[in-house]
Amino acid sequence: MTQSSQSSVRVRFAPSPTGYLHIGGLRTALYCYLFARKHGGQFLLRIEDTDRERYVEDAEQDIIEAMRWAGLSYDEGPGLGGSHAPYYQSQRGALYRQYAQQLLDDGHAYYAFDTPDELQAMRDRAQQEGNDAAKYDAVTRMQMKNALTLSEDEVQSLLDAGAPHVVRLKVPRSEMVRFEDLIKNEVTIASSRIDDQVLLKSDSMPTYHLANVVDDHLMEITHVIRGEEWLPSTPKHILLYQYLGWTPPKMAHLPLIMSPTGGKLSKRNAEKMGIPVSVHQYRDAGYEPEAVINFLAFLGWNPGTEQEVFSLDGLVDAFSIDRVGTSGVQFNLDKLRWFNEQHLRQLPLDDLLRRITSPLQAHGYDPDEAYLRRVVGLLHDRMKLAEDLATLYPYFFEDPTTYDEKAVKKRWKDDSSVLLTAYADRLEQAESFTEETTEAVLRALAEEHEAGAGRIIHPTRLAVSGTNVGPSLFGMLGVLGRETCVRRLRRAVEVLG
Ligand code: GLU
C-alpha cells in the first residue's frame, strides 16, 4: 500500500544532459519514482550539468519531456523549484568550492599542478615497469607535482600566479571501504584500487563525484538508486561522505541491461540490432508510454506473482526494492511489443483514436473521424502498435498499388477474373452494402458458379488489400464501402488478368 502521509524518503533522478534520455535512464528514473511513491516520499529531478564539454543543448528538454510522456512526475526540480533549489548543478558552484575547501583544510584533498604531459609521462613510466593500469594514487602521487610534494610556499606561489591546478581526493593507501547496497548487499573494496579522484577541475567546476555527494547530502536524499555502472564510483563517494562528516544515503545499484546477444547493451550494439536507444525513439515508433513503463519495470524487477500487466499506479503498489535482481537482465524487444499489445487493447476507443492520429498523419493519412472509428473498431484487437494502422493496414487509407507476389501465386486462379468481375457487378447493384450483404452476395455467387466460397473470398481480399492476411473479409469490405471495393475489384482484374 502507498502510504498517504509524507515520509522522509527522498529519491532523486540525476541525469547529465550529455545526450537524449535513453531507455536505461528512463528505467532508473522509473525505479526512483516507484520507490519514492511507494514510500510516500519525494521524487526529485536534478540536472547534473557540470560537464560543459559534453553538454548537449536540447538534452535537458528531452529528458523532461520523456519523463512527462512516461508519466513520471517529480515533486522538486526544474520548472517546479522546491526547498532545495537550484536543481541545476551548474548553478551551485559556490557550494562545491566551499566543501572542496573544507576537504583541503582537513587534509583530505590536495592541490595538484600536473600538466597533461606530466600525467602521461607518469603512465608511460609505469607501463615501462610493466604496470598498464597506473593511476594517480598513494603510490604515484609522491612523484607528481602537488601540494604533498611541493613546499607550502611553492604551492602558494603557484596558486598566486594562477597556475592551472585541480583539487584531488587523498585516498588512503590501504584501507577497506565498505558499504551496504540494498540490491548488491555488502560491497567491499580496497582503497588501493581507488584513484585520487579529481574533485575540482582546473576551470574550478566540480567533477560528478564531488557535486553528486554534496548535493545528495544537501538535498537530504535518503536513497540513491542508480545503474550498476556507477557502482565503481560509490567507494569514492563513501570516502567523501566520511571526510565531510556526513552519513551516506542508502545505496541501491540496479542490474545492468544486457544485449539479447549477451554483453552489456551499448548504444552501438542496440542500434545494430534495431533496438531504439532514446526514449523519444520509442515514442516515435508508436510504443505506448504505459507499455514502455511496464516493460522497464520488469527489466530488473518482478512482483513475485503471475501478474505482468500493470499500470503505473499498480506498479507503485506492487514495487519493492527487495525484489530487484542482482544479475544483468536481457533486453527483449518482443516482450515490449507484447506489453504494448496488452496496453493498447485496454485503451478505451477515444484514447486509442487520439494516439493513432499522429502516426497516421506522419504517413500522410488524414481520415475523417467517423471512418477512423470504424477502422479501429475492426482492428483494435489485432494492433500491436499504434502505428500498425499506417504500416500494416495502409489499404484502409489508400488503394493498394501492388499485390503481394506470393499471395498472387497462391490465390489468383484462372477463374478469379470472371468471379471478381461478377462479384463487383453484384455489389454495385446490391440494395445495401454491409458486412452481412457482402457476404450473402458472395455466397450466392459462389453457389451459382458451383465454386467454394474461398474461390471468391481469397482473390477478393487480395484485390482489396493487396495481401492475403488481415481482418475478417466482410468486416473489411463493410468498412471500406461499396465504391472503394468495386473500384479495387475491377482494378485487380485489370492488373492481374
Ligand atoms: N549524473 C549521473 C548520470 O548521468 C548520475 C548518476 C547518479 O545517479 O549518481 O547518470
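Counting begins at 1 with the first residue of the sequence. Remember, it's 1-based here, ligands and their atoms both numbered in the order they're listed.
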Any side-chain donor near an acceptor of the partner, R92 and Q89, under 3.5 Å
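No donor-acceptor contact under 3.5 Å links the two side chains.
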Tell me if the aromatic rings of F339 and F298 count as close, with their centers under 6.0 Å from one another.
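Close enough - the centres of the two rings lie under 6.0 Å apart.
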Below 4.0 Å, non-hydrogen atoms only: which portion of Y208 touches ligand 1? Side chain, backbone, both or neither.
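Only the side chain of Y208 comes within reach of ligand 1.
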Who's the nearest protein heavy-atom neighbour of [atom], and how far?
| atom | result |
| --- | --- |
| atom 8 (O) of ligand 1 | R12 NH1, 2.7 Å |
| atom 1 (N) of ligand 1 | E48 OE1, 2.6 Å |
| atom 10 (O) of ligand 1 | W230 CZ2, 3.3 Å |
| atom 4 (O) of ligand 1 | S16 OG, 3.1 Å |

Distance under 4.0 Å to a non-hydrogen atom of N212: what atoms of ligand 1 satisfy this?
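Counting from 1, the qualifying ligand atoms are 7 (C), 9 (O).
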Crowding at CZ, R268 (>12 non-hydrogen neighbours, <6.0 Å)
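It does not: R268 CZ has 12 such atoms or fewer within range.
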So does F310 get a backbone contact from the side chain of N294, meaning a donor-acceptor N/O pair under 3.5 Å?
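Yes, the answer is positive, given that a donor and an acceptor are paired below the 3.5 Å cut-off.
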Using modelled atom types only, decide if a donor and an acceptor are shared between the side chain of D181 and the backbone of H253 within a distance under 3.5 Å.
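Indeed, once roles are kept as given, a pair shorter than 3.5 Å links the two residues.
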Answer whether the closest heavy-atom distance between the side chains of K384 and Q342 falls below 4.5 Å.
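In short, these two side chains do not touch, never coming nearer than 4.5 Å.
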I want to know if ligand 1 touches A14 in the polar sense, i.e. an N/O pair below 3.5 angstrom.
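Between A14 and ligand 1, an N or O pair is found under 3.5 Å apart.
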